[in-house]
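Taking it in order: structure first as structure tokens, then the write-up.
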Amino acid sequence: MDVIKKNWFSESCEMWPGSTFSFEVKKLLHKERSPFQEIQVFDSTSLGRVLVLDGIIQCTQKDEYSYQEMISFLPLCCHRNPEKVLIVGGGDGGVARDVAKHPNVKEIVQVEIDAKVIEVSKKYLPFMAVGFDSKKLTLHVGDGFEFMKNHSHEFDVIITDSSDPIGPAVSLFQENYFSLMKSALKPNGIVCSQAGTYWDNMDLVKNTLNICKNQFPSAAYAITSVPTYPSGSIGFVIGSLEENVKFDNPVREFTREQLNDMDLKYYNTDIHKAAFALPNFVKNVIDA
Ligand code: SAM
């Protein structure tokens, strides 16, 4: 498929065959092939800047905060004292930006496989890459799976902000990765991973949630709205080493004023609770 036609970029991927999301391109700002993937950055007519990896939209200036805030604050607000946080992936810097806003977080470690994504994001996506300026952050370039093997009982929260399970992120959706994350957590630790959307990838949602349930005594799936992702949404699996965790009942709540002070545009306690409410056709599949 010709992905840029008459100034329109169309996303196409084997994970959602037969349909595509398109946007009008103002300018292609950057294109290169790193050792891991093809990286493109566009300026667009209606979405602002857009980061595309291997032909798949990773984030747009218009709606990136919904994803970044939710993958960060869902696990952070389910933990009583999230002092040390590990981010795997997240090469655009958006998750580091938002994790750093939580008042209890003292230390963030991030491991991103592709130095080129970091470099390009710093140049073209400063509204997200500002996360790399946080004094709380120590940034490593490397494979998150390999990194996890060398860390035990260290983190309160692990956030896996990975690309989809094709290319370098395949290992981050496998059971042995969830097992390694479990070992890397402190007691009562929590993990949260990108896990696809039920509209297009029910098998991915079910498999990733089942893996999480196998490894963690408490596990759930939550969803957020991201208009520029396939079918307009994306989900997360969240797992805790504590038993009987009610993920839809956050242990930390922030007032409207506190949320505004942190410049959180999407996340609040109502959104947190609603994120775990699932339609019947999804419950019937994942509970089966
Ligand atoms: N929000 C995005 C989404 O779900 O579409 C993800 C954004 S972020 C750019 C994804 C990052 O994960 C990419 O920069 C990619 O290089 C990184 N990544 C993929 N596999 C990885 C691995 N095995 N270890 C560390 N980082 C990885």
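Order of appearance sets the numbers: ligands from 1, and atoms from 1 within every ligand.
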Show the atoms of ligand 1 that are less than 4.0 angstrom away from any heavy atom in [X].
X    : answer
Y67  : 1 (N), 4 (O)
S163 : 10 (C), 12 (O), 15 (C), 19 (C)
D114 : 16 (O)
Q194 : 4 (O)
V111 : 25 (C)
V117 : 14 (O)
A169 : 19 (C), 20 (N)

To which protein heavy atom is [atom] closest, and what is the distance rounded to 0.1 Å?
atom                    : value
atom 3 (C) of ligand 1  : Y229 OH, 3.3 Å
atom 22 (C) of ligand 1 : L172 CD1, 3.7 Å
atom 16 (O) of ligand 1 : E112 OE2, 2.6 Å

Residue-ligand contact [X]/ligand 1, heavy atom below 4.0 Å:
X    : result
G142 : yes
C59  : no
V95  : no

Is the NZ atom of K62 crowded by more than 12 outside heavy atoms at less than 6.0 Å? no
In terms of heavy-atom contacts, does NZ of K101 have more than 12 from other residues, nucleotides or ligands at under 6.0 Å? yes
Pairwise side-chain contact, [X] with [Y], heavy-atom cut-off 4.5 Å (strictly under):
X    : Y    : result
H140 : T138 : yes
S44  : R49  : no
D63  : Y266 : no

Hydrogens and angles aside, do S225 and S233 bring a side-chain donor and acceptor to less than 3.5 Å of each other?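 No, because no side-chain N or O of S225 sits under 3.5 Å from a partner of the opposite role on S233.
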Side-chain H-bond candidate by donor/acceptor type, D92 with Q58, under 3.5 Å: no
Would one find an N or O of [X], backbone or side chain, under 3.5 Å from an N or O of ligand 1?
X    : value
D92  : no
I113 : yes
G144 : yes
D143 : yes
P168 : yes

Using 4.0 Å as the upper bound for N to carboxylate O, is an ion pair formed by K135 and E107?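 Looking at E107 and K135, the cut-off is not met.
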Using the ring of F42 (Phe, Tyr or Trp, six-membered ring only), decide whether K27 places NZ or CZ under 6.0 Å from its centre and within 45 degrees of its axis. no
Among all residues two or more places apart in sequence or in another chain, which pass the salt bridge (charged side-chain N to carboxylate O under 4.0 Å, His left out) test with E112? none
Salt bridge (charged side-chain N to carboxylate O under 4.0 Å, His left out) involving K26 - partner list, sequence neighbours excluded: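 For K26, no residue satisfies salt bridge (charged side-chain N to carboxylate O under 4.0 Å, His left out) once neighbours in sequence are set aside.
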Part of Q68 with heavy atoms under 4.0 Å of ligand 1, whether side chain, backbone, both or neither: neither
Run the ring-centre check on F73 versus H102 and record whether the distance is less than 6.0 Å.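 That pair passes the under 6.0 Å test.
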